[in-house]
Number of protein chains: 2
Amino acid sequence: MEETNTLMDRLYGYLHKKGLKQTKQRDLIARTFFSLNTHLKIEELLVEVQKKDPKVGYVTVYRALKLLKESGLAHQRHFGEGQSLFEPAGGGHHDHMICIKCGNITEFEDEVIERRQEEVAKKIGFKIVSHRHEIYGACPKCQEE
Amino acid sequence: MEETNTLMDRLYGYLHKKGLKQTKQRDLIARTFFSLNTHLKIEELLVEVQKKDPKVGYVTVYRALKLLKESGLAHQRHFGEGQSLFEPAGGGHHDHMICIKCGNITEFEDEVIERRQEEVAKKIGFKIVSHRHEIYGACPKCQEE
DNA sequence: TCCTAATTGAAAGTTAATTTCAAATATCAT
DNA sequence: ATGATATTTGAAATTAACTTTCAATTAGGA
Ligand SMILES: [Mn+2]
Ligand SMILES: [Mn+2]
Ligand SMILES: [Zn+2]
Ligand SMILES: [Zn+2]
């Protein structure tokens, strides 16, 4: 909650720096996004936002998320093939395990893997800019049939 | 080239088993795909196929690749966000390094990473079905500015 | 050869993302 | 506070990639 306020301040800083405007729609969308603090489709965030203000349209949420991404406050993910998901950028890098039954997403971060992929890249002289490592399967709950 | 013939035989086996037909279009598409032996967009394969037979349409290539995927002879990849790429299934599993400058794709396979991700999953009781690990950055050639 | 189910290719439809544009609004300079 | 103006909004239109439909064609067993 207070984390949300910090993030909002960072957003306001970015808006001001870019000569963009603070609006009640952006405010509501960003605040909702930060406090939900999870992986959301545009449509899903729209639903949450509209509980507070039913007048807000899809495109405005789309553009607000694009802005959050540009400002480094959100990450856009492309799991599987469907819609993309957005999540607050929060802490550092992490990768994902996605349950193909229930859609549950678990985050993970493993230093051995991170380091090892640096070595694999270095071996062929490839300079890493980013990476994604996604593990698909069944989460514990979905294995109880 | 002889590898291609082996793969064609596997395709024919699959077609027969499923009561599907052997056609000159499928033959041309699959043969072209196997001999190019690389990562291709549907449109790219279409261009190659049309050099041999300009009458073949996009949808036929699309359906042939879908069939190859179903039969296990091709993999469909979703790098970045654009069109998907298909590649002959060939040997075993591998992951990819994609150059964000020139689009070059290098394959890699690292047992340390493969084993480690099993451990990471096991730790939280997640049962892995598949995974993808993509590294984006600059290939050696593209680093010479 | 004949019959029938499978295939083809053009066109239409779908889905998610993106752009356009006129009306509304936020911010800056009086 | 008022006015000027660039930005933002939301509905509608457009795009891009894929997927389905359907009538005409073709493969392959009887
Ligand atoms: Mn995440
Ligand atoms: Mn590959
Ligand atoms: Zn699950
Ligand atoms: Zn390159």
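Worth saying up front: this structure is predicted, and the values here are computed from it rather than measured. Just so we're on the same page: letters track the sequence lines, and every chain starts at 1.
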Undergrad: May I have the list of side-chain donor-acceptor pairs in residues 62-72 of chain B shorter than 3.5 Å, sequence neighbours left out?
TA:
{"residue": "B/Lys69", "atom": "NZ", "partner": "B/Gln76", "partner atom": "OE1", "Å": "2.5"}
{"residue": "B/Ser71", "atom": "OG", "partner": "B/Leu67", "partner atom": "O", "Å": "3.3"}
{"residue": "B/Ser71", "atom": "OG", "partner": "B/Leu68", "partner atom": "O", "Å": "2.9"}

Undergrad: Expressed as a whole number of angstroms, how long is the span from A/Lys18:NZ to C/dT27:P?
TA: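 It works out to 18 Å between those atoms.
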Undergrad: What is the distance, rounded to the nearest whole Å, between atom CG of A/Leu67 and atom C1' of D/dT8?
TA: 11 Å
Undergrad: Over how many whole Å does the gap from B/His16 atom NE2 to D/dA27 atom P extend?
TA: 16 Å
Undergrad: How far apart are the C-alpha atoms of A/Arg132 and B/Tyr136, what are their side-chain angles, what is the distance that settles it, and do they pass the side chain to side chain contact (heavy atoms under 4.5 Å, CB included) test?
TA: CA-CA 8 Å; A/Arg132 68 181 188 193; B/Tyr136 297 87; 4.0 Å; yes
Undergrad: Taking the side chain as every heavy atom from C-beta outward, state whether A/His133 and B/Ile113 have any pair of such atoms under 4.5 Å apart.
TA: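 The answer is yes, as the side chains (C-beta and beyond) meet within the 4.5 Å cut-off.
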Undergrad: Are A/Arg115 and A/Glu118 close enough, and set up right, to give a salt bridge (Lys or Arg N to Asp or Glu O under 4.0 Å), and what steps lead you there?
TA: CA-CA 5 Å; A/Arg115 206 176 315 124; A/Glu118 285 291 347; over 6 Å; no
Undergrad: Who pairs with A/Lys141 by side chain to side chain contact (heavy atoms under 4.5 Å, CB included), at least two apart in sequence or on another chain?
TA: A/Cys139
Undergrad: Would you say B/Glu134 and A/Glu134 make side-chain contact, with heavy atoms under 4.5 Å?
TA: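 No, their side chains stay 4.5 Å or more apart.
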Undergrad: Reading nucleotides 15-26 of chain D from the 5' end, what letters show protein touch, with B for base, S for backbone sugar-phosphate only, - for no heavy atom under 4.0 Å?
TA: --SSBBB-----
Undergrad: Roughly how bent is the helix from C/dT1-D/dA30 to C/dT30-D/dA1 end to end, in steps of 10 degrees, with each end axis from five pairs?
TA: 30°
Undergrad: Mind checking B/Gln22 for me? I need base, sugar-phosphate or nothing, with any heavy atom below 4.0 Å counting as a touch.
TA: sugar-phosphate
Undergrad: Return the value, rounded to whole Å, for the distance between atom CD of A/Gln25 and atom P of D/dT9.
TA: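 In whole Å, D/dT9 P lies 5 Å from A/Gln25 CD.
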Undergrad: Would you say the side chain of B/Gln83 lies within less than 4.5 Å of the side chain of B/Ile42, judging by non-hydrogen atoms?
TA: no
Undergrad: Tell me, do B/Lys24 and B/Asp53 make a side-chain contact under 4.5 Å, heavy atoms counted?
TA: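 Counting from C-beta outward, B/Lys24 and B/Asp53 do come under 4.5 Å.
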Undergrad: Give me the residues of residues 44-57 of chain B where at least one heavy atom lies under 4.0 Å from an atom of DNA chain C, by number, or none.
TA: B/Lys55, B/Val56, B/Gly57
Undergrad: Nearest whole Å is fine: how far is D/dA6 C1' from A/Leu15 CG?
TA: 15 Å
Undergrad: With sequence neighbours excluded, tell me which residues meet side chain to side chain contact (heavy atoms under 4.5 Å, CB included) with B/Lys127.
TA: A/Ala138, A/Gln143
Undergrad: Is there a side-chain polar atom (N or O) of B/Thr60 under 4.0 Å from OP1 or OP2 of C/dT8?
TA: no
Undergrad: Look at the aromatic rings of B/His39 and B/Phe79 and report parallel, tilted or perpendicular, splitting at 30° and 60°.
TA: tilted
Undergrad: Does the side chain of A/Asp9 come within less than 4.5 Å of A/Tyr12's, by heavy atoms?
TA: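 In short, these two side chains touch, coming nearer than 4.5 Å.
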Undergrad: Could you state the atom-to-atom distance from NZ of A/Lys17 to P of D/dT7 in whole Å?
TA: 17 Å
Undergrad: Rounded to whole Å, how long is the line connecting atom CG of A/Leu20 with atom C1' of C/dT25?
TA: 14 Å
